[in-house]
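First the structure, in the form of structure tokens, and then the observations on it.
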Amino acid sequence: MSLSATKFVHPITAPPSTRSSDKPLFSTFFGSNHTKLRFNKPIVAAQRRSSSAASTSSPVVAVSDVVKEKKLKSASNLLITKEEGLVLYEDMILGRFFEDMCAQMYYRGKMFGFVHLYNGQEAVSTGFIKFLKKEDYVVSTYRDHVHALSKGVPAREVMSELFGKATGCCRGQGGSMHMFSKQHNLLGGFAFIGEGIPVATGAAFSSKYRREVLKEPGADEVTLAFFGDGTCNNGQFYECLNMAALWKLPIVFVVENNLWAIGMSHLRATSDPQIWKKGPAFGMPGIHVDGMDVLKVREVAKEAIERARRGEGPTLVECETYRFRGHSLADPDELRDPAEKAHYAGRDPITALKKYLFDNKLASEQELKAIDKKIEELLDEAVEFADESPLPPRSQLLENVFADPKGFGIGPDGKYRCEDPKFTQGTAHV
Amino acid sequence: MLRAIRHKNILPAFSAFRAFSSSAKEMTVREALNSALDEEMSADPKVFLMGEEVGEYQGAYKITKGLLDKYGPERVLDTPITEEMALICLLNILQAGFTGIGVGAAYYGLRPVVEFMTFNFSMQAIDHIINSAAKSNYMSAGQISVPIVFRGPNGAAAGVGAQHSQCYAAWYASCPGLKVLSPYSSEDARGLLKAAIRDPDPVVFLENELLYGESFPVSAEVLDSSFCLPIGKAKIEREGKDVTITAFSKMVGYALKAAEILAKEGISAEVINLRSIRPLDRSTINASVRKTNRLVTVEEGFPQHGVGAEICTSVIEESFGYLDAPVERIAGADVPMPYAANLERMAVPQVEDIVRAAKRACYRSVPLAATA
């Protein structure tokens with residue numbers, strides 16, 4: 001399985017120090033070289049968090065370093081233009097403010113059930129999804145609000161869905177954990193961990209099938225499957241890595257490794273905590289990237305998505321990230337060490353991007369504040385819209401169970417019964 | 001012997017009269033399924049097959065024979081455990097993965113037909129059948145429909161033991177969002193499989209291994225490539241006026257034999273082939289019970305919460321006043337399937353059990369205490 005050139009290289013001989021401080025533009029993004037973070041049990045966590053894994057044989061090199069070396073030779077040192085920077089900033093702010101608004105609404109009783117918030121992980125969603133075309137697919141987990149927003153689902157529709165109103169993206173029938181949008185090619189929203197991975201693999205399979213068997217021109221949609229570290233111990237994950245590599249499917253497996261599966265630390269639960277290593281075992285490149293830095297994530301995403309689009313097969317990307325809030329709004333979040341939380345709060349992706357934009361004179365304080373204000377207004381309007389929307393009507397209860405509810409398949413005129421314009425009306429009387 | 005019985009007694013009630021002349025073509029269920037798959041794959045390039053041993057092995061039960069050669073490996077996909085078939089325990093392993101892949105492909109307009117070597121293995125993948133296939137149309141409010149077919153043999157075979165013999169009709173039929181079909185004859189197999197593949201919803205298609213080799217007469221209409229049976233309609237295999245016997249899959253054959261025996265004793269039994277477990281054709285069943293006033297339901301699966309339980313309740317709810325005798329329910333024994341041949345025979349309903357129950361319903365025999 002050939003890997004594309006120099007980009008995904010894990011040089012065995014490069015000394016650890018290439019990673020850190022001699023690249024001025026990026027030093028702040030690496031965060032501190034803290035090697036020890038306390039967890040419940042004194043596990044040797046050092047190797048996991050230290051940037052070059054001193055105790056393992058093959059140190060990980062950030063892809064951005066490789067790219068950076070090339071860019072240093074080019075005219076501009078910057079990885080993004082001003083427009084791109086503002087787009088990234090706006091998307092991350094939308095994600096962050098939206099999730100904060102969700103928390104507020106939940107405590108006011110407007111939202112209910114299970115709500116899982118994405119604060120702190122915005123760099124992964126923004127970094128990857130902003131590279132996709134509208135036709136590309138995203139499959140997510142129950143922590144899917146921000147993936148939906150990044151993919152383009154309007155904030156007001158997501159908010160209404162969370163309130164359970166008929167104007168939500170799934171008419172109130174899905175809820176927080178089941179965001180679907182055919183128009184934006186968001187395929188959910190799955191509550192069981194690992195459930196979305198085979199579905200994403202199938203969507204990638206369908207784009208390959210359409211290209212090669214049905215010979216549709218331009219059917220080169222890429223699928224992104226987002227899931228967490230806990231999922232990487234689940235059987236379905238391995239089955240899909242195998243099949244995706246075997247059939248060279250256009251998919252990128254994005255692991256949002258935030259170290260915690262509810263209250264179970266990744267290090268306690270996993271025999272080999274370095275998830276990126278599992279890619280090469282199946283014949284695909286495995287990349288580890290700092291998920292708190294949107295620019296680094298973007299570099300990796302660009303390469304992985306283009307690789308998939310060219311038909312070279314899947315990639316496994318492990319993004320080291322962190323969620324600032326608990327697993328869900330019902331989680332008291334008592335098991336995580338406050339020092340660990342403080343460490344990652346210092347690596348907040350939004351703060352980091354802001355600093356990059358200021359340092360490189362790509363944006364001014366006022367421009368960013370204007371974006372903040374715009375997003376706040378957007379969200380206020382979304383909440384108002386959701387509040388004022390009606391609850392689903394009683395007749396909606398039995399709708400949408402089947403695409404063809406009469407169940408007879410083919411009608412007397414030889415056409416599918418689902419082509420009958422009245423097909424969304426259920427057959428039972430409530 | 002079965003063929004002889006069918007020639008004499010089958011009069012489909014509501015469809016056009018079919019002449020079973022001596023030149024009627026005979027087709028095995030296996031050929032019927034194979035021809036249905038072949039025709040649907042050639043009519044629609046979006047249909048593809050996926051499953052263990054469907055390709056190079058020509059199908060674990062040879063249902064997909066010849067399709068790999070005709071359509072190529074891109075449309076007839078052997079899923080990855082092919083080379084490990086000798087290790088029986090590993091046959092189950094990749095169920096979850098390829099079922100979910102089938103669902104993901106169906107989300108985007110492809111029409112996968114996923115084969116399970118037996119439906120027992122579908123338990124490994126049941127999360128995807130229920131949570132991502134059955135519920136997706138509802139959760140996405142109609143945006144994402146899943147036109148997938150899950151097919152494979154269901155129920156007891158001969159001497160395969162407890163883990164290979166369970167009947168899953170009741171489990172899948174209790175879930176809204178799924179359509180569950182169970183054919184008996186070749187005509188059923190062809191028509192229902194074609195309807196299932198064309199249907200835009202997830203369909204669980206429960207075949208029976210012991211029926212694959214049985215042949216049934218088929219008319220020219222059945223052989224036509226656009227032949228389809230409606231989903232949700234039962235068939236009255238044999239008309240009668242004294243007692244209604246409902247059955248599906250292999251039990252239809254047993255019920256017909258029982259009806260023959262009962263006819264000699266003066267009891268005219270009406271045999272209904274359910275064909276569709278979900279949606280259940282309650283109107284046909286109730287109309288029949290209103291005519292005969294007695295009901296015997298037959299199924300192979302476990303008795304508690306089974307298909308028979310649902311039929312009995314439906315009849316009691318809708319046609320209570322018409323019943324002249326308590327409803328009778330025949331099901332498999334309430335034990336995991338034993339291996340010994342004589343115990344296995346006792347654990348599955350036999351023709352004598354159906355005859356006995358029908359006579360009880362007609363007050364022609366001393367009532368027996370219900371077995372545990």
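Just so it is clear, the model here is predicted, and its values are computed rather than measured. Keep in mind that the numbers below use all heavy atoms, side chains included, and drop hydrogens, waters and symmetry copies. Here is how names work: the chains are called A, B, and so on, in the same order as the sequence lines, proteins then strands, and each is numbered from 1.
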- With rounding to the nearest 0.5 Å, note down the distance linking OG in B/Ser136 to NE2 in A/His178. 9.5 Å
- Task: Decide yes or no for B/Asn131 and A/Phe190: does some side-chain heavy atom of the first lie under 4.5 Å from some side-chain heavy atom of the second?
- Result: no
- Query: So, do B/Gln143 and A/Cys170 sit near enough that their side-chain heavy atoms are less than 4.5 Å apart?
  - Reply: yes
- Message: Less than 4.5 Å to any heavy atom of chain B: does that hold for the side chain of A/Tyr137, its backbone, both, or neither?
- Response: side chain
- Message: Can you confirm whether B/Ser132 sits close enough to A/Glu195 that some side-chain heavy atom of one is under 4.5 Å from a side-chain heavy atom of the other?
- Response: yes
- Message: Centre-to-centre under 6.0 Å for A/Phe180 and B/Tyr138, is that the case here?
- Response: no
- Any idea which of B/Ser276, B/Gly177, B/Ser145 has the most non-hydrogen atom pairs under 4.5 angstrom with chain A? B/Gly177
- Query: Taking C-beta and beyond as the side chain, do A/Val213 and B/Phe48 meet within less than 4.5 Å on heavy atoms?
  - Reply: no
- Between B/Lys135 and chain A, which part of the residue has a heavy atom less than 4.5 Å away: side chain, backbone, both or neither? neither
- Checking A/Ala200 against chain B: side chain, backbone, both or neither under 4.5 Å from a heavy atom? neither
- Item | Interatomic distance, B/Glu74 atom CD to A/Lys208 atom NZ [nearest 0.5 angstrom] | 7.5 Å
- Query: What is the minimum heavy-atom distance between A/Leu214 and B/Pro45, and which atoms define it?
  - Reply: CD2-CB, 3.2 Å
- Message: Less than 4.5 Å apart, side chain to side chain, heavy atoms only: is that true for A/Gln236 and B/His128?
- Response: yes
- Message: So, applying side chain to side chain contact (heavy atoms under 4.5 Å, CB included) with A/Phe402, which one of B/Leu178, B/Asp201, B/Asp199 is it?
- Response: B/Asp201
- chain B heavy atoms under 4.5 Å from A/Thr223: which part of the residue, side chain, backbone, both or neither? neither
- Ignoring hydrogens and angles, tell me if any N or O in the side chain of B/Asn137 forms a donor-acceptor pair with the backbone of A/Asn400 under 3.5 Å. yes
- Among the options B/Pro202, B/Ala141, B/Pro112, B/Gly142, pick out the one with the most heavy-atom pairs lying under 4.5 Å from chain A. B/Ala141
- When A/Gly188, A/Ser181, A/Gly175, A/Gly235 are compared by non-hydrogen pairs under 4.5 Å with chain B, the top option: A/Ser181
- Message: Measuring from atom CE of A/Met243 to atom CG of B/Leu77, what distance do you get when rounded to the nearest 0.5 angstrom?
- Response: 10.5 Å
- Message: Please classify the contact between A/Leu187 and chain B as side chain, backbone, both or neither, with a heavy-atom cut-off of under 4.5 Å.
- Response: both
- Which heavy atom in A/Trp247 sits nearest to a heavy atom in B/Asp78, and how many Å separate them? CZ2-O, 4.1 Å
- Query: When rounded to the nearest 0.5 angstrom, what is the spacing between NZ in B/Lys46 and OH in A/Tyr209?
  - Reply: 9.5 Å
